[in-house]
Amino acid sequence: MRVDPPVRLAADIGGTFTDVVLDGPNGRHTAKVLTTPRTPETGVFEALALVLDRSGAVPGDAGVFVHGTTLATNALIERKGARTAFLTTRGFRDILEMGLEKRFEQYDIFMDKPEPLVPRTLRHEVAERVSARGRVLLPLDLGEVRTIAASCRAVGVEAVAVGLLHAWAHPAHEQAIREVLAAELPGVTVCLSSEVCPEMREFERFSTTCANAYVRPLISGYLHRLQEGLVERGMTCPFYLMMSGGGVTTVESAARFPIRLVESGPAGGAILAAHVARECGLAEALSLDMGGTTAKICLIENGTPERSRTFEVARRYRDLKGSGLPVRIPVIEMVEIGAGGGSIARVDDMNRLLVGPASAGSEPGPACYGRGGAQATVTDANLVLGKLDPDRFAGGRIGLDSARAEEALARDVGGRLGLDGHWPAVGVVEMVDENMANASRVHAIERGRVIGRHTMVAFGGGAPLHAGRLAQKLGIERVVIPRGAGVGSAIGFLLAPIAFEVVRSRPVDFREFDAEAINAMLDEMRAEATEAVRAGAPSGADLALSRIVELRYAGQGHDLRIALDDGPLTQDHGRRLKARFEDRYRAVYGLTIDGLDIQSVSWSVTVATRAPPAGRAKVPEVRSPARAASMRDIYDGAFGAVVSCPVYPRFELAPGEEVTGPAIIAEDETSTFVPADFSAVLNSLGYIVMDNRAGGAR
């Protein structure tokens, strides 16, 4: 019999760890296990069993299960998707390789461009042409489509992406092609650009459609295996997937558009950070999510994470924009850095110490895991510096071997640079902190923000260890670490709304702003999004509506997202939107262009279940110093030496008890390092609030 209220479950599969969270009548229970890359569902089932056992619940008690996974991202990076063909308008076969005809590395004559997901031999052209205004210039040759289908069948194609020139506005030819392919290629996945990405800019639209087709057989198979496994274990509750845009959707929708899952884990973390920002009344927050493989940074303003319509996956040069495959999907705007616990440290031929982006992952893992990994990593460095307890890592499920870590660091770093003792580990940690600091500065500057005005919200298995030093580098004075920080993304899944975004490209010259026509289009989009959300939302759920227009100066190639007012637009909105656009343009670029008209690129409507109001946290006055449970030798950069530091179990701290750095606040899934010059106290919600008493960047 299901308990009342039913328990809520969330699972996040990362590159190194799989996290599961259970919220129920007996409180919150969490589990962190190593990811099982070959069969990702195995790690999920293992962690589910742990949290159910700890909570005393059974699978039938579950009221909802929310899941996020890196499977789609990994398939694109590792090129392990389906054998995919691409069918397009005659003359556009090579658009996937031509791209935007830009060099992302201007002076590198050996620049390595990303290979298209579909090789040229599997890219086909069909006779057809529709103008941008919808006039058929050349009728579709269905006989040629059948010939192409026969060619695809002969070479064992598993998926077909269809992208015609102006199908974003006029999809009839794409729909006709699908009917032919469905009859000629039974069992083969067919994806239409007019459904996956109904927007102009054919390169991005074609790239997104190919990526969706490439991963759809893999993801749909995995999701159905996972769902069947849950049912076999007695879990028949609603099953939702986290999307990159910050909402959740049904299994059916996720299996149809798996490209929307590529940043699902990091999106959950940003949702948690935004929730914490609202609870703590933070107008400007910087989200730091550092796990076992990467670190993610997101800017949050007034409790809302920044969002975008563009994203790059599988970058050949990890931190270099333009070196990956572009996809146009709803995504929370963030920067990802190869700076996780498993990031590998090495010294190059110029004797430079480098950390990441390559990661030891879960197999074989860092050297200290004792699972076959031999290369030095960030986790090895933190262990050698005393910031990790070798007997309590991941709740005691993974024992850490300090001797292996010291050996790897001495060989890979110390031996190359002439360093001994703890100094190789110091170099690795300082380098990874500087990488994150640089990425944070650039991310803020590109968006017209002042990084030092933000409060950092840190979570993930690694972020609480590094947040204090990173705050010093950035001049950030306060860091907030929420409860359950080690499994923060999974907690964010349970806070995410059921949502769906509909996007339409519609260029509108604001000299001829037609409010009536735009309102009709927005109403159609709202109805489509509402229908998608109602399919997965509880009956009677309250829904929220948000609308965005992407605007640019006429003739420019870059656009800015501007929020639309609630209710129908009027003719006066043309003037209002131009004023908002120019305010935003000035904030980002420092100027406006007088006398130049603006035009729209795309319009988007998002419908989502309304989140309950967040509670408000209070930071209590300090009553007394906290009592340490033990002492540990830890390296602190403020002293430039290893010092004896107190260790405080987080669950034994009470609001108002002060922890003065240097110190460690330990919990099962992570530990928080409080550097010298910092003090920490729990607020009324049990969040650690660290304040930099020295202030300023160091």
Side-chain angles (χ1 to χ4, degrees), residues 17 19-23 26-33 47 50-51 53-55 272 276 290-291 341 368 379 382-400 402 457-469 479-488 490-491 617 619-636 642-676 678-691:
F17 290 102
D19 302 332
V20 169
V21 172
L22 180 150
D23 277 348
N26 298 325
R28 176 174 292 165
H29 300 269
T30 63
K32 182 182 285 286
V33 302
L50 286 173
V51 295
D53 181 64
R54 292 169 183 172
S55 67
L272 169 66
V276 170
M290 183 179 180
C368 61
T379 296
N382 279 320
L383 177 62
V384 168
L385 297 179
K387 296 180 181 180
L388 296 174
D389 185 339
D391 299 320
R392 298 198 54 173
F393 188 73
R397 291 184 56 80
I398 302 174
L400 302 182
S402 298
V457 180
F459 53 92
L465 286 171
H466 294 260
R469 179 60 177 139
V479 179
V480 177
I481 299 168
R483 289 184 300 117
V487 292
I491 294 173
V619 179
E621 294 184 5
V622 175
R623 299 195 313 267
S624 60
R627 292 185 178 182
S630 61
M631 301 295 290
R632 190 192 305 167
D633 289 341
I634 299 172
Y635 176 86
D636 191 327
V642 174
V643 295
S644 182
C645 297
V647 178
Y648 303 89
R650 181 168 182 166
F651 62 87
E652 292 183 4
L653 293 176
E657 293 182 339
E658 185 180 36
V659 173
T660 302
I664 287 283
I665 301 175
E667 52 190 305
D668 280 350
E669 283 83 21
T670 188
S671 290
T672 299
F673 177 57
V674 184
F678 276 77
S679 63
V681 66
L682 296 190
N683 68 13
S684 58
L685 296 177
Y687 301 167
I688 298 171
V689 180
M690 290 199 307
D691 286 313

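Every value quoted in this text rests on a predicted model; they were computed, and no experiment measured them.
- In this structure, Asp636 contributes its side chain and Pro662 its backbone to no donor-acceptor pair below 3.5 Å.
- No donor-acceptor pair under 3.5 Å is formed between the side chain of Arg28 and the backbone N or O of Val21.
- A distance-only check finds no donor-acceptor pair linking the side chain of Ser671 to the backbone of Ala666 [under 3.5 Å].
- Judged by distance alone, the side chain of Arg632 and the main-chain N or O of Gly386 form a donor-acceptor pair under 3.5 Å.
- Closest approach of Ala485 to Ala458, counting heavy atoms only: CB-O, 4.1 Å.
- Within the 3.5 Å criterion, the main-chain N or O of Gly686 finds a donor-acceptor partner in the side chain of Arg650.
- Contact between Ser644 and Met631 at its shortest, heavy atoms only, is OG-CE, 3.4 Å.
- Not one N or O on the side chain of Asp633 forms a donor-acceptor pair closer than 3.5 Å with the backbone of Val642.
- Atom CG of Asn683 sits about 9.5 Å away from atom CZ of Arg483, to the nearest 0.5 Å.
- The two residues Val674 and Ala680 have their closest heavy-atom pair at CG2-CB, 4.1 Å.
- Between Lys387 and Leu465, the shortest heavy-atom distance links the atoms O-CD2, 3.5 Å.
- By the 4.5 Å heavy-atom criterion applied to side chains, Leu385 and Phe673 are not counted as neighbours.
- Using a 4.5 Å heavy-atom threshold, the side chains of Thr672 and Ile664 count as separate.
- Across every non-hydrogen atom of Ala663 and Tyr648, the tightest pair is CB-CE1, 3.8 Å.
- The structure places CG of Asp23 at 7.5 Å from CD1 of Ile491, a figure rounded to the nearest 0.5 Å.
- In this structure, CG in Leu388 is found 6.5 Å from CG in Leu400, a value given to the nearest 0.5 Å.
- Two residues are said to be in side-chain contact when any heavy atoms from C-beta on lie closer than 4.5 Å; Thr379 and Cys368 meet this criterion.
- Nearest heavy-atom pair across Val276 and Pro482 is CG2-CB, 3.9 Å.
- Contact of the Phe459 side chain with the Thr670 side chain is not registered, since no non-hydrogen atoms from C-beta on lie closer than 4.5 Å.
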Discussion item. Assess the residue pair His466 and Asn382 against the criterion (side-chain contact (heavy atoms from CB on, under 4.5 Å)); give the C-alpha distance rounded to whole Å, side-chain angles, the decisive distance to 0.1 Å, and a yes or no.
Written reply: CA-CA 10 Å; His466 294 260; Asn382 279 320; 3.1 Å; yes
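- A 4.5 Å side-chain heavy-atom check between Thr30 and Glu667 finds every atom pair outside the cut-off.
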